[in-house]
Structure formats: structure tokens, C-alpha cells
Amino acid sequence: MAKNLVIVESPTKAKTIKKFLGSNYEVIASEGHVRDLPKSDMGVDVENDFEPHYITIRGKGELLNKLRKAVKKADMVYLATDPDREGEAISYHLSVALKLEEGKYKRITFNEITKNAVKKSIKEARPIDMDLVDAQQARRVLDRLVGYEISPLLWQKVHKRGLSAGRVQSVTLKMISDREKEINDFIPEEFWTVDAFLNVPGQKASVDFKYSGDLSCEKEAKKVLENAAKNEFKVVDIKKGQRTKKAPLPFTTSTLQQSASGRLNFATSKTMRVAQQLYEGVEIKGHGTVGLITYLRTDSTRVSEEADKAAREYIAKNFGENYVSDEVRTSNKTKNVQDAHEAIRPTDLSLTPQMLKGIISEEQFKLYNLIYERFLASRMKNACYDTFTVSVSNGDDIYKASSSFVSFAGFLNVYPPKEKEKKQADFNGIKAGDILVSERIEKEQHFTSPVSHYTEASLVKAMEDAGIGRPSTYAPTISTLLARRYITKEKKDIYVTELGDAVNSIMEKAFSVIIDLNFTANMESLLDNIGAGDIKWKVVVKNFYPDLADAVKEADKTLESIHIADEVSDVKCDLCGAMMVIKYGAYGKFLACPNFPECKNTMPYFEKIGVSCPKCGKDIIVRRTKKGRMFYGCIDYPECDFMSWQRPHEKHCPQCGKYMVIKGKKLACSDPQCGYTEDYAEKNEE
């Protein structure tokens with residue numbers, strides 16, 4: 001009987017697949033890539049048509065010897081790495097490293113690790129798709145060129161080794177930095193609201209009717225209040241209608257990461273780690289090792305006919321025929337969607353989350369339950385609501401209140417909103433012409449808010465919308481920025497660190513094209529075109545490299561150094577008398593003795609900004625939170641607790657006397673209720 005060898009990427013996957021194939025198949029894991037570009041040098045021969053130089057990854061020699069022995073015993077080798085460009089490239093490099101003979105090996109792919117899918121893939125075995133390999137190779141070479149050309153420049157200009165630039169990494173850092181600048185420069189605008197709490201027949205509590213006009217100051221709000229006191233509240237219009245809430249699409253990588261963040265509080269890296277476990281296989285009593293979900297790296301919402309049919313039958317049986325959707329919705333986003341795989345869905349709907357509770361880990365259960373419910377919801381009818389909008393006149397002023405009630409739950413039965421809907425007012429007891437008595441009328445001051453800081457979830461969505469990166473790169477890109485300490489997280493919000501600001505500043509000055517969103521998105525499209533066989537990979541690289549090389553040369557000449565570390569201070573070491581130097585650590589700047597390791601003295605570094613504390617008169621200094629977010633505080637902390645997220649200015653507000661802060665090209669009063677601003681034309685102090 002012929003002996004077959006199947007090579008997969010992970011030991012877990014190998015264990016799962018082995019149970020499907022039986023004794024005639026040996027299944028071994030390559031544990032990821034076996035060949036890559038060297039770490040010690042660029043590994044791309046720029047002078048020789050950009051030919052990449054691959055070497056065996058350190059530590060993989062013993063594994064390759066094991067695979068070579070297994071290859072000699074096998075009549076056929078099936079390369080079963082992941083069904084994407086990366087997986088295709090791993091299969092190609094395995095074929096080279098193992099010197100597989102033509103006709104003795106084939107490529108197989110499956111979107112789900114189930115018995116039927118794996119056996120079907122063997123029947124449909126094919127040659128390696130070199131277009132997909134070239135697309136991955138182009139990405140690897142482009143990223144290597146950017147990293148190895150620009151990173152040494154960063155070490156030189158920022159005086160700190162270990163920094164890195166990346167084609168997608170750097171543009172993502174720019175997105176975060178731009179968002180933070182927009183927030184810091186934002187100047188709030190005042191507005192007011194007036195709410196009339198009116199007694200509605202049949203309602204125990206009064207109902208909030210909101211004044212429908214725009215109020216920009218307290219004077220206007222007071223006038224509305226005066227009118228309300230003089231006039232009665234009369235119902236002038238009741239509009240009844242219906243609205244629908246569309247059933248969600250099944251998960252893509254991006255939407256899974258966003259929903260897992262919002263509903264489960266999972267970081268993107270955690271979501272991908274747990275999803276990988278669910279995809280590769282989990283031990284289920286009575287079922288063996290089972291792959292519970294389809295492939296987790298996808299930007300498609302497409303679902304197979306078999307899975308669609310199974311979902312509809314399940315819904316009809318458990319909820320009723322009237323809950324089954326009449327249509328198959330797909331995403332409106334066709335740009336940059338590769339559609340190589342199905343959406344993320346359960347492989348077997350009979351394995352319900354409740355059946356698996358206590359069998360799989362808690363985090364696996366939570367994510368599986370989310371994927372399961374989302375997939376079922378995508379095959380169910382929309383939710384329908386009855387809506388009411390009641391308009392009430394008060395003299396010439398109009399107040400409005402709205403409510404809505406679910407008339408048909410549809411998909412909400414399995415995928416309810418994250419937040420519970422507030423109790424709605426019932427307007428069935430009133431009619432036009434009714435006079436409503438007010439319980440109280442309130443005015444309130446508000447200020448417009450800036451856009452929110454990115455969270456991991458909103459950053460992934462922004463990257464996807466801009467066409468930056470692909471499903472496999474979102475989580476690693478964010479993880480790299482966090483690991484490099486270019487960004488930091490506080491709760492869920494992402495902030496740029498001092499180091500991230502310095503690196504982004506250099507990239508903006510010297511490599512504006514490389515970190516341009518449109519340029520990066522266009523490059524992703526070119527990589528897709530390579531994968532489709534429409535363009536050769538070296539053509540893309542040849543067109544890209546000259547501009548990069550010229551920019552590096554120019555930046556080396558013109559860019560000034562940014563001293564983040566080893567700047568000499570005016571503080572003497574109290575142990576040996578040497579002048580302390582400024583170094584950059586995990587939590588920002590500190591003072592260290594230059595005679596290290598002979599003298600290991602360190603001291604806190606206080607970066608004064610030349611402004612006195614408005615509370616105690618001592619110096620304000622730049623401080624950092626434990627995670628690296630910058631703020632301004634008093635040097636005398638904790639005795640003085642003054643702090644400000646915006647940089648204080650020495651000038652005080654001419655209206656209220658409070659301290660002013662710098663917001664882009666404006667000076668603004670630190671008290672938003674004052675609202676005073678003026679142009680700020682001085683030299684940038686930051």
C-alpha cells in the first residue's frame with residue numbers, strides 16, 4: 001500500500017488531520033517557515049535583479065532532516081500549509097528545501113479542518129501556485145528593502161538601536177500620530193440643550209422631549225426656558241413608521257477582531273491566537289480532535305452552498321421558517337477584497353456552543369460562541385421596529401421625542417446588541433391636540449468633542465477602510481508597534497509615545513511617499529495583481545526601489561539628529577561627579593551616569609517646559625504614565641497634583657485668568673466653559 005506524507009504548519013493541525021486520514025498517511029508539521037531571508041543582512045541582491053537570497057532558518061535543521069527521511073519513504077508528498085499566500089510560500093520553500101521531485105508532490109488546501117474537507121482536498125490536489133508565492137515574495141522583499149534601508153538611518157538620527165521602519169508599520173504609526181494631533185489640536189465649541197420632561201398618559205415616568213433647535217450660548221437657552229414657562233405644550237404631530245435593522249454579515253478577519261474587542265474585550269492578537277486554536281482543532285469528547293471554525297484570515301463574506309443550506313435548515317428547525325432570510329447579503333466592499341476564502345464560520349452547526357461549554361477553554365468558548373451566533377444571524381431575517389416620533393409645540397418652539405419597539409426580532413434572537421436597549425416611551429395613549437403637562441424643564445451646557453483615540457478595533461477598521469495591510473497583517477502590525485514602544489495602550493485607547501513621535505517625524509520629513517495612505521493602498525492592490533498573475537513581482541519592486549534609495553540618500557544628508565538618548569544634562573552624578581546623560585528607557589527619559597558600568601547611578605529626569613505651575617508656582621515638567629503616554633505635571637508631585645494632557649503656556653486667559661494651553665495654531669483657555677481662544681504664532685515649543 002502506498003505511503004503518503006502530508007506536511008502541515010502546526011503540530012495541532014497535524015494531530016487533527018492524522019485522525020481523518022488513517023495509517024496510510026504520515027502527517028508532520030513544519031512549524032511555520034523553514035527558509036527565509038537572513039537576519040544579518042538585507043538578503044536581496046539589488047544589483048542582480050533584486051534576487052532574494054534565502055537560507056534555512058536557524059534551528060530548523062533537525063526538523064528538515066526528519067522531513068527528508070519521511071520524504072524518502074513516501075510515494076507522494078502533500079503540502080498542506082495554510083490556504084493563503086503565506087501558506088503557498090511555505091509550501092514552495094518546503095519543496096525547495098526538501099528537493100522534492102516533479103510529480104512526487106502536490107499542493108492541497110482546505111478552508112476548514114474537517115474529514116470531508118481534508119479528503120476532498122486530496123482528490124483536488126494541484127501544483128503550487130507560483131503567482132501566490134510571488135505575491136508573498138514581493139511583500140517580503142518590499143518590506144525588507146524598506147526595513148533595511150531606513151532602519152539604520154533611524155538608529156543614526158534617533159541615536160537608539162533597535163528601532164525599525166516598515167512599509168505597513170510606518171503608515172499605521174502615521175495614522176495613529178495624525179489622530180492624536182487632531183485630538184490635541186481640537187478646540188471645543190459650546191452648545192446648549194433644553195429638555196422638557198412631560199407627563200404622557202399611560203406612562204409612570206415623565207418623557208424627555210428635546211428642544212429641536214440649535215442653541216450656541218446660555219442666553220439663547222434661557223430665552224427658550226422663558227418661553228417654555230409662558231406657553232403650554234401641545235401635541236402637533238405623531239409620526240408612526242417602521243424601520244429595519246439589517247442582519248449582520250458573517251465575520252471577516254477584520255470584523256471578528258472588532259467584535260471580539262467590543263463584546264469580549266479581546267486584543268487583536270488574542271483574538272487571532274484563540275481563533276487559530278479553534279481552526280486547527282480542539283479535543284472534543286466523543287468527536288476526537290475537531291476543527292471548529294473555518295480559516296481565520298479572510299476578507300470575504302462569501303459562504304459555501306452547503307454551509308448556507310445547513311444554517312437555513314437549522315434556523316427553520318429551531319426558530320421557524322419565518323426567521324429564515326429570503327436573501328443572501330454580501331459586503332458592498334469589493335475593492336481590495338481577495339475573496340480567496342469563505343467568511344469565518346462554524347464547521348459544524350450541530351456542535352453548539354452550549355455543548356462545548358466546559359469542554360473547551362473559557363476564551364475558546366467565548367470566541368466560538370461569538371462566531372457561531374454571528375453566522376446564524378447572517379442567515380436570518382432583519383429585525384423590524386415600529387417607530388414613533390412625537391412633536392410638541394411650545395409657542396413657536398418645537399420639542400421632539402422618539403421611541404421604537406421590536407415588532408419582529410429576526411436575527412436579534414441569536415445576536416442581540418452589545419448594550420441592552422433602554423426602555424422606550426409608549427405614545428399610544430396620546431393624540432394630536434393633547435396638552436401635556438411639564439414636570440420640569442432643564443437646560444444644560446455641552447461642548448463638542450474631538451474624535452476618539454484609536455482602539456485596536458477601530459484601528460483595524462481604519463486600516464481596512466484605507467486598504468492598508470491585509471487580514472494576516474492587522475494584528476502583527478499593531479503588536480510590532482506596541483513591542484517597539486512606538487505606541488502604548490491605556491485601557492483600550494492607543495497613544496503615541498515620545499519614541500513613536502520621533503520616528504514618525506523622521507518618516508514624515510524624509511519618506512512622505514512611503515507613509516502615504518494612497519501609496520500604501522495602491523501597493524497592496526499591486527500585490528493582489530501579482531497573486532492574480534496580472535503582473536510580475538520584480539516589475540513592482542524595480543519601480544519602487546529607485547525612489548526609496550534616493551529618499552534614503554537625501555535623508556542621510558539633510559535630516560538632523562533627534563536626541564532621544566545619551567544627551568548630556570546639567571546634573572552632576574552624586575557618586576562620581578560626571579555629568580549625567582539622558583537615556584531613554586521603557587517609561588521615558590531618565591538620567592544615567594556615563595561611566596556605566598563602573599558607576600551605575602541613575603536619577604529621574606525632569607524635562608522643564610519653562611512654565612510655572614498654576615497651583616504652586618514651581619516648574620511644570622513633561623511626565624509619562626507607566627505605559628508611556630505623555631502629560632504635563634508639577635515637579636513637586638505628589639505634594640502638588642497639577643496635571644494637564646495639553647501643553648500649558650505661560651500666558652493666562654484674559655477672560656477668566658486661568659492658564660492657557662497650546663492646541664495646534666491656537667492658544668485656548670484650559671477651562672472649556674470659558675472657551676476663550678486666540679491665534680498662536682510663536683515658534684513651536686514642542
Please give me the minimum heavy-atom distance between F365 and P353, naming the atom from each residue.
CE1-O, 3.2 Å

Derivation of the side chain to side chain contact (heavy atoms under 4.5 Å, CB included) call for V552 and F511
CA-CA 8 Å; V552 169; F511 306 103; 3.7 Å; yes

Using 0.5 Å steps for rounding, measure from the CD1 atom of I468 to the CD atom of Q169.
13.5 Å

Greater than 12 external heavy atoms within 6.0 Å of E639's CD:
yes

With a 4.5 Å heavy-atom cut-off, do I478 and V460 have their side chains touching?
yes

State whether the side chain of Q258 and the backbone N or O of S254 hold a donor-acceptor pair below 3.5 Å, judged by distance alone.
yes

If we ignore hydrogens and angles and just use 3.5 Å, is the side chain of K60 paired with the main-chain N or O of E31 as donor and acceptor?
yes

Strictly distance-based, threshold 3.5 Å: is any side-chain N or O of K615 a donor or acceptor partner for the main-chain N or O of C640?
no

Would E112 and R345 pass as an ion pair if we require N to O under 4.0 Å?
yes

Could you pull out the closest heavy-atom pair between Y279 and N111, with the gap in Å?
CE1-O, 3.7 Å

Check this for me: does any side-chain nitrogen of one of D636 and K618 sit under 4.0 Å from a carboxylate oxygen of the other?
yes

Please tell me if the side chains of I494 and L481 come closer than 4.5 Å, counting only heavy atoms from C-beta onward.
no

Can you check whether I515 reaches T520 side chain to side chain, under 4.5 Å on heavy atoms?
no

Using every non-hydrogen atom in the two residues, find where C653 and C674 come nearest and quote the distance to one decimal.
SG-SG, 3.6 Å

Calculate, to the nearest 0.5 Å, the distance between atoms CE and SG belonging to M643 and C613 respectively.
12.0 Å

Please check: side-chain N/O of K658 versus main-chain N/O of P614, any donor-acceptor pairing under 3.5 Å?
no

Under 3.5 Å, is there a donor-acceptor pair between the side chain of T448 and the main chain of E189?
yes

So does Y486 get a backbone contact from the side chain of T497, meaning a donor-acceptor N/O pair under 3.5 Å?
yes

Under 30°, 30 to 60°, or over 60°: which ring-plane class applies to Y495 and H453, parallel, tilted or perpendicular?
tilted

Between R58 and D36, is the closest basic N to carboxylate O distance under 4.0 Å?
no

Backbone N or O of T255 within a donor-acceptor pair of the S259 side chain at under 3.5 Å?
yes

Does the pair Y659 and Y632 meet the rule for a ring-ring contact (aromatic ring centres under 6.0 Å, His included), with working shown?
CA-CA 13 Å; Y659 71 96; Y632 302 90; over 10 Å; no

Sub-4.5 Å side-chain heavy-atom contact between R623 and Y637:
yes

For F606 and D619, what are the C-alpha separation, side-chain angles and deciding distance, and is it a side chain to side chain contact (heavy atoms under 4.5 Å, CB included)?
CA-CA 9 Å; F606 300 123; D619 286 310; over 6 Å; no

To the nearest 0.5 Å, tell me how far I187 CD1 sits from K665 NZ.
12.0 Å

Nearest-0.5 Å distance that lies between atom CG in L296 and atom CD in Q257:
9.0 Å

How many angstroms lie between atom CE of M580 and atom CZ of F590, to the nearest 0.5 angstrom?
9.0 Å

With side chains defined as the heavy atoms from C-beta onward, is the minimum distance between E498 and M630 less than 4.5 Å?
no

Derivation of the side chain to side chain contact (heavy atoms under 4.5 Å, CB included) call for L249 and S378
CA-CA 5 Å; L249 294 165; S378 74; 5.7 Å; no

Is it true that E456 and T268 share a donor-acceptor pair across their side chains at a distance under 3.5 Å?
yes

Which heavy-atom pair separates M463 from Y474 by the least distance, and what is that distance?
CE-CD2, 3.8 Å

Counting C-beta onward and ignoring hydrogens, is there a side-chain heavy-atom pair between T298 and P471 closer than 4.5 Å?
no

Minimal heavy-atom distance between P604 and L591, with the atoms involved, is O-CD1, 3.6 Å

Can you confirm whether L367 sits close enough to E363 that some side-chain heavy atom of one is under 4.5 Å from a side-chain heavy atom of the other?
no

Is a donor from one side chain sitting under 3.5 angstrom from an acceptor on the other, for S10 and E280?
yes

Would you check if the side chain of T473 reaches a backbone N or O of R470 as a donor-acceptor pair within less than 3.5 Å?
yes

CG/L482 to CZ/R484 distance, rounded to the nearest 0.5 angstrom?
12.5 Å

Pairwise side-chain contact, E180 with I183, heavy-atom cut-off 4.5 Å (strictly under):
no

Is a salt bridge present between R167 and E524, judged by a nitrogen-to-oxygen distance below 4.0 Å?
yes

Smallest separation among heavy atoms of F411 and K245, with atom names:
CE2-O, 3.2 Å

Okay, side chain of D671, backbone of Q673: is any donor-acceptor separation there less than 3.5 Å?
yes

Please test T81 against E88 for side chain to side chain contact (heavy atoms under 4.5 Å, CB included), starting from the C-alpha separation and ending with a verdict.
CA-CA 7 Å; T81 50; E88 204 75 20; over 6 Å; no

